[in-house]
Amino acid sequence: MAKVRKAVIPAAGLGTRVLPATKSMPKEMLPIVDKPAIQYIVEEAVAAGIEDILIITNRGKGVIEDHFDHSIELEQRLEESGKTDMLEEVLKLSNMANIQFIRQKETKGLGHAIACAKAFVGNEPFAVLYGDDVIIGDDPVCGQLCRIYEEFGKSVVGIKEVTSEQILRYCSLAVSPVRDNVYDVSDMIEKPSPDKVMSLYSILGRCVLTPDIFDILAETKPGAGGEIQLTDAMCIQAKNGNMMGVDFIGKRYDMGNKLGILQANCEVALIRADMREDFAAYLKELVKTL
């Protein structure tokens with residue numbers, strides 16, 4: 001089975017749920033402690049063995065491209081100041097993978113964004129890491145999905161159970177167990193009404209897709225919200241018996257949600273060796289005032 005070498009990161013959303021911060025800063029650049037969200041996502045892909053990454057942006061998001069480019073003046077200043085650790089961190093950003101960029105010139109939905117990646121992907125399987133979702137864990141979720149693709153040769157979605165309230169805003173999947181945390185996915189529906197919920201399992205932030213998804217997307221009509229939904233195209237794959245699900249191991253943070261941003265900063269700080277002791281002490285004192 002072909003190895004998954006390429007990844008697509010859709011990062012063209014407007015970030016309206018976290019305005020006004022996203023009026024001038026892409027939501028993908030909102031920091032978790034000292035790194036922007038999209039850096040965590042790129043690092044996950046690289047840790048999973050991905051070699052080529054396409055980030056899909058739109059107007060006003062050039063700062064994302066700048067973040068992964070060389071900054072000659074900064075690098076020179078760090079070198080002259082003897083700040084070798086910081087210099088290594090900055091240099092690693094521009095050398096961690098072959099990162100390319102393309103603009104989604106019209107905001108027509110996630111399915112349309114992925115369709116923009118057809119020339120980049122070619123006839124290969126590819127990972128999709130949603131730009132809203134940072135997932136922290138020892139075993140990169142992208143890698144967990146790639147392993148299942150390499151075993152079964154089918155598209156794979158990263159899934160989690162959500163609440164009965166959340167499922168109405170997400171997508172609902174028809175699943176049947178295969179082993180441990182691996183499932184067959186036979187159907188799905190985006191933003192279901194209560195009587196259409198198939199299960200509380202939903203796709204959260206990660207998938208590996210076979211390249212036939214592009215032909216399906218070309219025929220996909222606008223769905224929920226008047227947008228071309230990736231879920232509608234993946235539903236065809238599922239009904240054709242070409243989809244697996246992995247109840248992934250890792251903690252997901254929704255960076256398009258204000259509470260998710262706060263949770264990410266607090267919880268990541270608490271696992272950082274250079275911060276956890278001081279930050280934990282601060283939190284303990286803060287809790288006493290609540």
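Keep in mind that this is a model prediction, so the values were computed, not measured.
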Check your understanding: Between Asp212 and Ile216, does a side-chain contact (heavy atoms from CB on, under 4.5 Å) hold up when you go through it step by step?
Key -> CA-CA 7 Å; Asp212 60 301; Ile216 300 172; 3.9 Å; yes

Point to revise | Where Ile50 and Ala127 come nearest, the two heavy atoms and their spacing | key: CD1-CB, 4.5 Å

Review point. Roughly how far, to the nearest 0.5 Å, is CZ of Arg272 from CD1 of Ile32?
Key: 11.0 Å

Check your understanding: Does Ile136 belong to the same Ile/Leu/Val/Met/Phe/Trp/Tyr cluster as Met275, with side-chain heavy atoms less than 4.5 Å apart forming each link?
Key -> yes

Review point. Between Asn240 (side chain) and Asn242 (backbone), is there a donor-acceptor pair under 3.5 Å?
Key: no

Practice item. Answer with yes or no whether the side chains of Tyr170 and Glu190 bring together a donor and an acceptor at under 3.5 Å. Key: no

**Study point:** Side chains of Val197 and Leu168 in contact at under 4.5 Å (non-hydrogen atoms)
**Key:** yes

Check your understanding: Are Gln237 and Thr210 close enough that a side-chain donor and a side-chain acceptor fall under 3.5 Å?
Key -> yes

Review point. So, Glu267 and Lys251, do they make that salt bridge, N to O below 4.0 Å?
Key: yes

Check your understanding: Name the one of Val208, Val128, Leu129 that satisfies side chain to side chain contact (heavy atoms under 4.5 Å, CB included) with Cys142?
Key -> Leu129

**Study point:** Least distance between heavy atoms, Ala233 atom then Leu217 atom
**Key:** CB-CD2, 3.6 Å

Exercise for review: Go through Tyr40 and Val268 one step at a time and tell me if the side-chain contact (heavy atoms from CB on, under 4.5 Å) criterion holds.
Suggested key: CA-CA 11 Å; Tyr40 287 89; Val268 170; 3.8 Å; yes

Review point. What distance do Ile189 atom CD1 and Thr231 atom OG1 have between them, rounded to the nearest 0.5 Å?
Key: 10.5 Å

Exercise for review: Test Asp133 against Arg206 for salt bridge (charged side-chain N to carboxylate O under 4.0 Å, His left out), laying out the working first.
Suggested key: CA-CA 8 Å; Asp133 293 300; Arg206 301 290 184 270; 5.1 Å; no

Practice item. Apply side-chain contact (heavy atoms from CB on, under 4.5 Å) to the pair Phe214 and Leu209, showing each step before the final yes or no. Key: CA-CA 10 Å; Phe214 294 112; Leu209 299 174; over 6 Å; no

Check your understanding: Do Asp215 and Lys118 have side-chain heavy atoms sitting under 4.5 Å apart?
Key -> yes

**Study point:** Check ion pair Arg5-Glu124 (N to O, under 4.0 angstrom)
**Key:** yes

Check your understanding: Counting heavy atoms not belonging to Asp274, are there more than 12 under 6.0 Å from its CG?
Key -> yes

Point to revise | Asp52/Lys6 ion pair, N-O < 4.0 Å | key: no

Practice item. Working to the nearest 0.5 Å, report the span between CD of Gln229 and NZ of Lys191. Key: 5.5 Å

Check your understanding: Looking only at atom types and distance, does a side-chain atom of Thr57 sit under 3.5 Å from a main-chain N or O of Arg103, one as donor and one as acceptor?
Key -> no

Point to revise | Cluster check Leu110, Val134: I/L/V/M/F/W/Y, side chain < 4.5 angstrom | key: no

Check your understanding: Between Thr220 (side chain) and Ile228 (backbone), is there a donor-acceptor pair under 3.5 Å?
Key -> no

Revision key, fill the gap. Gln104 and Cys116 have their tightest heavy-atom pair at CG-SG, 4.3 Å

**Study point:** Salt-bridge criterion met for Glu151 and Arg179 (N-O under 4.0 Å)
**Key:** yes

Check your understanding: Got Val8 and Ile56 here, is their nearest side-chain heavy-atom distance under 4.5 Å?
Key -> yes

Check your understanding: When the ring planes of Tyr183 and Tyr201 are compared, do they come out parallel, tilted or perpendicular, using 30° and 60° as the limits?
Key -> tilted

Revision key, fill the gap. Closest non-hydrogen contact found for Cys207 with Leu145 is CA-CD2, 3.5 Å

Exercise for review: Establish whether Ile261 and Leu204 are linked, either directly or via other cluster members, by ILVMFWY side-chain heavy-atom contacts under 4.5 Å.
Suggested key: yes

Exercise for review: Compare all side-chain heavy atoms of Asp187 with those of Lys239 and state whether any distance is below 4.5 angstrom.
Suggested key: yes

Check your understanding: So, for Ser164 and Ile167, which heavy atoms are closest and what is the spacing to 0.1 Å?
Key -> O-CG2, 3.3 Å

**Study point:** Neighbour count >12 (heavy atoms, 6.0 Å) for atom CG, Asn95
**Key:** yes

Check your understanding: If you measure from CD on Gln100 to CD1 on Ile53, what distance do you get to the nearest 0.5 Å?
Key -> 10.0 Å

Point to revise | Interatomic spacing from CD in Gln39 to CG in Asp34 - rounded to 0.5 Å | key: 8.5 Å

Review point. Is there a side-chain contact between Arg17 and Asp254 (heavy atoms, below 4.5 Å)?
Key: yes

Review point. Any side-chain heavy atom of Val246 within less than 4.5 Å of one from Val157?
Key: no

Exercise for review: Return yes if some donor-acceptor pair links the side-chain N/O of Ser172 with the main-chain N/O of Met198 below 3.5 Å, else return no.
Suggested key: yes

Check your understanding: Can a cation-pi geometry be assigned to Lys154 and Tyr149, taking NZ or CZ under 6.0 Å from the six-membered ring centre and within 45° of the ring axis?
Key -> no

Check your understanding: Under the side-chain contact (heavy atoms from CB on, under 4.5 Å) criterion, do Val42 and Phe68 qualify, and how do the steps go?
Key -> CA-CA 10 Å; Val42 169; Phe68 292 102; 3.7 Å; yes

Review point. Do any N or O atoms from the side chain of Thr289 and from the backbone of Leu286 form a donor-acceptor pair under 3.5 angstrom?
Key: yes

Review point. Do Leu200 and Thr163 have side chains that get closer than 4.5 Å, going by heavy atoms?
Key: no

**Study point:** Nearest atoms (heavy-atom pairs only) where Met255 meets Ala264
**Key:** SD-CB, 4.1 Å

Exercise for review: Please determine if Arg147 and Asp139 form a salt bridge, counting it only when a charged side-chain N lies under 4.0 Å from a carboxylate O.
Suggested key: yes

Practice item. Measure the CG-CZ distance between Asn265 and Phe279 for me, rounded to the nearest 0.5 Å. Key: 8.0 Å

Exercise for review: For the residue pair Leu54 and Phe101, establish whether any side-chain heavy-atom pair is separated by less than 4.5 Å.
Suggested key: no

Practice item. Indicate, with yes or no, if Ile249 and Ile148 share a hydrophobic cluster defined by side-chain heavy-atom contacts under 4.5 Å among Ile, Leu, Val, Met, Phe, Trp and Tyr. Key: no

Exercise for review: Consider only side-chain heavy atoms of I, L, V, M, F, W and Y, link residues closer than 4.5 Å, and tell whether Met244 and Leu173 are in one cluster.
Suggested key: no

